[in-house]
Amino acid sequence: MEHFARQHGKKVVVGGVPWSYYRLGAGTAVLWLTGGLRRAAVASVFLERLATRHTVIAPDYPPVLSVAEFMTSFDEMLRTESVDSVALVGQSYGGMLAQAYLAHRPQAVQRLVLSSSGPADYARPWLAAESLFVLLARLLPEKMLKELVSLGLTRLTHQLPQPESTEMSDVIRTVVREELRRADVVSHFAVAADVIRTRIVNPAAFQAWPGEVIVLSAENDPTQSARDIPRYEQLFGRRAEVMSLGQLGHAAVLVEPGRYAEVLERALD
């Protein structure tokens, strides 16, 4: 990760908050929004493969507390890189952010690709749950908090065969232990709560957007459901194309970065 950051890392400061991101490759632009590990460089092998055909912009996530801060910071990254239009790809937690960014700035998005994610028009009762998670993240001892986060994320690898399941679990634990802090966990849940509170993701936001929605779905991903597709189509007001990730699981971008890139490149063509 450190070598990747030295080679491709850039920074912007928005509202006094420094944001790290990576810019690499050449070609049509892709804004890659990573998942709950919050550090895009975890998927450096995949990003370098994607960059053989595309200009890739991939942010890390600092511990901000509102979805608006994410939106204005993504705007600033694209402005800094002189990028007016992107294919927007969100993986897991990044899928929620991608749907919010599309609602925020639809004119900048050619197509939306959602991977290991779900519709972000969450019902209002989820706000209470996210708010409770924020409270717990603020109160629990940090060591216990990190153990719980690691446990929750490693459960998403249990559907993988060995040794991949153990390898991915070790990667997740290492990133949580060495890279994330209490503030990151608070941010994770606070921003999700803000997405619900502000109702930024809603059908009216997408009515005039002319682009395509593509869903990458793994058969063994416990976060995805067949019910997601009708919900996506109702949310976006158009057919969602589904592309299979087979048995690559929720962490496909880490388990098989080459194969994952191949599927994503087909979605971007």
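The shown structure was predicted, so the numbers you read here are calculated from the model rather than taken from an experiment.
Residue Trp32 forms a ring-ring contact (aromatic ring centres under 6.0 Å, His included) with just one option from Tyr101, Tyr21, Phe46, and that option is Phe46.
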- Message: Go through it in stages, so that I can follow the logic: the residues are Leu148 and Leu140, the test is side chain to side chain contact (heavy atoms under 4.5 Å, CB included), and I'd like the CA-CA distance, side-chain angles, deciding distance and then a yes or no.
- Response: CA-CA 10 Å; Leu148 290 173; Leu140 289 175; 3.7 Å; yes

- Report the C-alpha distance between Leu33 and Val89 in whole Å, list the side-chain angles of each, state the deciding distance to 0.1 Å, and finish with yes or no for side chain to side chain contact (heavy atoms under 4.5 Å, CB included). CA-CA 6 Å; Leu33 301 183; Val89 185; over 6 Å; no

- Begin with the C-alpha distance, continue with both residues' side-chain angles, and end with the deciding distance and a verdict on side chain to side chain contact (heavy atoms under 4.5 Å, CB included) for His250 and Ser92. CA-CA 8 Å; His250 186 86; Ser92 190; 2.9 Å; yes

- Task: Step by step, work out the side chain to side chain donor-acceptor pair (under 3.5 Å) result for Ser73 and Glu69.
- Result: CA-CA 6 Å; Ser73 298; Glu69 290 170 282; over 6 Å; no

- Query: Step by step, would you call Ser116 with Asp221 a side chain to side chain donor-acceptor pair (under 3.5 Å)?
  - Reply: CA-CA 7 Å; Ser116 300; Asp221 186 344; 3.1 Å; yes

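Taking hydrophobic clusters as Ile, Leu, Val, Met, Phe, Trp and Tyr residues chained together by side-chain heavy-atom distances below 4.5 Å, Leu151 does not share a cluster with Val149. In the hydrophobic clustering of this structure, Leu78 does not group with Leu47; members are Ile, Leu, Val, Met, Phe, Trp, Tyr whose side-chain heavy atoms approach within less than 4.5 Å, directly or through other members. Under a hydrophobic clustering in which Ile, Leu, Val, Met, Phe, Trp and Tyr are joined whenever their side-chain heavy atoms come within less than 4.5 Å, directly or via other members, Leu156 and Met96 fall into different clusters.
With a 6.0 Å radius and a threshold of 12 heavy atoms from other residues, nucleotides or ligands, Gln234 has its CD atom at or below the threshold. The environment of Glu2 atom CD is sparse: at most 12 non-hydrogen atoms of other residues, nucleotides or ligands sit within 6.0 angstrom.
Taking OG1 from Thr154 and CZ from Arg173, the interatomic distance works out to 5.0 Å, rounded to the nearest 0.5 Å. Separation of atoms CG (Leu37) and CG (Leu153) is listed at 5.5 Å; rounding is to 0.5 Å. Between the CD1 atom in Ile229 and the CZ atom in Arg239 there is a gap of 10.0 Å [rounded to 0.5 Å]. The distance from the CD atom of Gln247 to the CG atom of Asn220 is 4.5 Å, given to the nearest 0.5 Å. Once rounded to the nearest 0.5 Å, the distance linking CG of Leu136 with CE of Met144 reads 11.0 Å.
Taking 4.5 Å as the limit, every side-chain heavy atom of Tyr61 sits out of range of all side-chain heavy atoms of Asp184. Lys143 has its side chain out of reach of Lys146: every pair of non-hydrogen atoms, C-beta onward, lies at least 4.5 Å apart. Leu180 is listed as a side-chain neighbour of Arg38, based on a closest heavy-atom distance under 4.5 Å. Val186 has its side chain within reach of Leu65: a pair of non-hydrogen atoms, C-beta onward, lies under 4.5 Å apart. Here the side chains of Arg182 and Leu145 are in contact, with some heavy-atom distance below 4.5 Å. Between Leu264 and Ser115 the shortest side-chain heavy-atom distance does not fall below 4.5 Å. Between Phe70 and Trp19, some side-chain heavy-atom pair lies under the 4.5 Å cut-off. In this structure, Phe206 and Val201 have side chains that are in contact, with non-hydrogen atoms separated by less than 4.5 Å.
A side-chain donor-acceptor contact under 3.5 Å links Arg238 to the backbone of Phe236. Gln99 places a side-chain N or O within donor-acceptor distance of the main-chain N or O of Gly118, the cut-off being under 3.5 Å. No donor-acceptor distance shorter than 3.5 angstrom exists from the side chain of Arg259 to the backbone of Val253, with no hydrogens or angles considered. No donor-acceptor distance shorter than 3.5 angstrom exists from the side chain of His54 to the backbone of Ala29, with no hydrogens or angles considered.
Using modelled atom types and a 3.5 Å distance limit, the side chains of Thr166 and Gln162 yield a donor-acceptor pair.
Checked for salt-bridge contact, Arg111 and Asp269 miss the test: no charged N lies under 4.0 Å from a carboxylate O.
Nearest heavy atoms, Arg177 versus Arg181: O-NH1, 4.0 Å.
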